[in-house]
Amino acid sequence: MEACGEEGQVKLLGMARSPFVVRVRIALALKGIDYEFIEEDFQNKSQLLLQSNPVHKKIPVLLHNGKPVCESMIIVQYIDETWDTKAPNLMPKDPYDRAIARFWAAFVDDKLVPCEEALTSQGEQQQKAVEDSVANFLVLEEALRTSLCFSGKPYFGGDEIGFVDIALGGMLTFVKTLEKATNSVLIDVEKMPLLSAWMDRFCKADGVKEVMPDPAKLLEFMFAMRVKFTTPPAAN
């Protein structure tokens, strides 16, 4: 549905299965912002996408009254600042807490997004990608256990879903489906009880469960990608 009224015109260019697009959709849902979702095709990118993000030509792109905002977590911050009177606050009010939130969101992008390498590799390379991802998920488990900012709270954002939750949470369906596609375990319930409990809580939250990708369709896509990247080229 296209937005109107005080929110202006809000459009989101993306793909439903993209974890980066899911981040933005969660933020919009939590804030209660109506928007028009425009599904993009990677094989045939729209002129609107190419014009809106001429540097990277990637999704997601948020269009607010015709003005584009790119990169998922930049968009999430933009949403929080633009609709700052709408609850919940996705970024902490305290400057130090905001810095901590940005640090962990950057950790997710730098250390956990690369877990997708497990999908496009095999053998020792895949095993290393899985082991590296598990090690980084264990870092988050430790942060949930010991950090003064997170310890004892239901979410990284405190009592409500916040910036770090969205950064990591947008990836959850991708991660769980990746485990099935590669027959691996990235988030072990026994080794990561706090992170596992957070994951279950997050996925069941209102505003989250409605925009998560269809696991069956995502698994089908992943199997196709895995075949594409791991099948040796035919001999001439």
Side-chain angles (χ1 to χ4, degrees), residues 12 14-33 35 37 39 59-60 72-73 75-76 79-80 87-91 101 104-105 107-109 111-116 118-119 130 133-134 136-145 147 149-223:
L12 177 61
M15 298 178 72
R17 66 172 177 259
S18 166
F20 305 106
V21 173
V22 171
R23 288 170 167 177
V24 178
R25 298 190 78 182
I26 291 171
L28 290 167
L30 292 175
K31 287 282 191 176
I33 299 166
Y35 63 98
F37 184 61
E39 185 86 15
I59 55 171
S72 62
M73 295 313 293
I75 296 172
V76 171
I79 291 169
D80 195 40
N89 293 317
L90 304 179
M91 288 291 286
W104 284 108
F107 176 86
V108 170
D109 277 349
K111 299 296 185 180
L112 295 176
V113 169
C115 74
E116 66 183 15
L119 180 66
V130 169
S133 297
V134 169
N136 288 317
F137 278 118
L138 283 169
V139 171
L140 283 175
E141 173 73 17
E142 184 68 8
L144 281 172
R145 188 176 69 84
S147 171
C149 296
F150 307 142
S151 182
K153 298 176 182 177
Y155 297 107
F156 287 96
D159 293 326
E160 295 182 315
I161 290 171
F163 192 67
V164 181
D165 300 283
I166 292 173
L168 180 60
M171 296 176 55
L172 288 181
T173 303
F174 182 91
V175 169
K176 290 189 290 184
T177 309
L178 180 63
E179 290 179 322
K180 293 181 180 179
T182 58
N183 193 29
S184 59
V185 177
L186 299 176
I187 300 179
D188 188 311
V189 175
E190 293 186 2
K191 294 180 180 178
M192 308 172 202
L194 297 178
L195 189 60
S196 297
W198 167 85
M199 181 173 65
D200 291 340
R201 194 159 46 240
F202 181 88
C203 289
K204 293 175 183 176
D206 292 337
V208 173
K209 57 187 177 183
E210 296 86 355
V211 300
M212 284 299 202
D214 182 325
K217 291 182 179 179
L218 186 57
L219 183 60
E220 182 181 348
F221 169 76
M222 283 191 176
F223 276 138

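All values below were derived from every heavy atom in this structure, side-chain atoms included, with hydrogens, water molecules and symmetry-related copies excluded. Residue indices begin at 1 and follow the sequence shown. As the structure is a prediction and not an experimental result, all values here were calculated from the model.
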- Going through the checks in order, is the side chain to side chain contact (heavy atoms under 4.5 Å, CB included) test met by Leu194 and Phe150? CA-CA 11 Å; Leu194 297 178; Phe150 307 142; over 6 Å; no
Task: Stepwise salt bridge (Lys or Arg N to Asp or Glu O under 4.0 Å) test for Glu142 and Arg145 - done: CA-CA 5 Å; Glu142 184 68 8; Arg145 188 176 69 84; 2.7 Å; yes
Review point. Could you walk me through whether Met192 and Val134 pass the side chain to side chain contact (heavy atoms under 4.5 Å, CB included) check?
Key: CA-CA 10 Å; Met192 308 172 202; Val134 169; 3.9 Å; yes
Show, in sequence, the C-alpha distance, side-chain angles and deciding distance for Leu140 and Phe107, and conclude whether the side chain to side chain contact (heavy atoms under 4.5 Å, CB included) test is met. CA-CA 9 Å; Leu140 283 175; Phe107 176 86; 4.1 Å; yes
Criterion side chain to side chain contact (heavy atoms under 4.5 Å, CB included) on Glu141 and Ile187, from CA distance to verdict
CA-CA 10 Å; Glu141 173 73 17; Ile187 300 179; over 6 Å; no
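Across Ala105 and Val164, no two heavy atoms sit closer than the pair N-CG2, 4.4 Å. In this structure, Asn136 and Leu112 approach most closely via the heavy-atom pair CB-CD2, 3.5 Å. Minimum interatomic distance between Val24 and Ile75 (heavy atoms only, all atoms of both residues): CG1-CG2, 3.7 Å. Residues Phe37 and Arg25 share a closest heavy-atom pair of CE2-NH1, 4.0 Å. Considering every non-hydrogen atom in both Pro154 and Arg201, the closest pair reads O-NH2, 2.9 Å. Annotation for Gly169 and Met212: closest pair O-CE, 3.3 Å, computed over non-hydrogen atoms.
Note that CD1 of Ile79 is 3.5 Å distant from CG of Leu28, once rounded to the nearest 0.5 Å. Taking CG from Leu144 and OH from Tyr155, the interatomic distance works out to 12.5 Å, rounded to the nearest 0.5 Å. Rounded to the nearest 0.5 angstrom, Leu90 CG and Ile166 CD1 are separated by 4.5 Å. Leu219 contributes atom CG, which lies 10.0 Å from atom CG of Asp214 (distance to the nearest 0.5 angstrom). Rounding to the nearest 0.5 Å places CG of Asp109 at 4.5 Å from CZ of Arg23. To the nearest 0.5 Å, the span separating CG on Leu12 from CD1 on Ile59 amounts to 8.5 Å.
Looking at Trp198 and Leu172, their side chains come closer than 4.5 Å, going by heavy atoms from C-beta outward. Side-chain contact between Leu30 and Ile161: present, with at least one pair of heavy atoms (C-beta onward) separated by less than 4.5 Å. A 4.5 Å side-chain heavy-atom check between Pro215 and Lys176 finds every atom pair outside the cut-off. At a threshold of 4.5 Å between non-hydrogen side-chain atoms, the residues Glu116 and Leu178 do not count as touching. Using a 4.5 Å heavy-atom threshold, the side chains of Thr182 and Met222 count as separate.
Within 6.0 Å of atom CD in Glu210, more than 12 heavy atoms from other residues, nucleotides or ligands are found, so the atom counts as buried in its surroundings.
The only option from Val139, Leu138, Leu168 that meets the side-chain contact (heavy atoms from CB on, under 4.5 Å) definition with Leu195 turns out to be Leu168.
Side-chain N or O atoms of Lys111 include none that pairs as donor or acceptor with a backbone N or O of Ser133 at under 3.5 Å. Remark: side-chain polar atoms of Asp200 are not paired, donor with acceptor, to backbone N or O of Ala197 under 3.5 angstrom. Counting only distance, with no hydrogens or angles, the side chain of Asp165 and the backbone of Gly157 share a donor-acceptor pair below 3.5 Å. Side chain of Glu39 to backbone of Ala16: a donor-acceptor contact under 3.5 angstrom is found.
With salt bridges taken as basic N to acidic carboxylate O contacts below 4.0 Å, none links Lys217 and Glu220.
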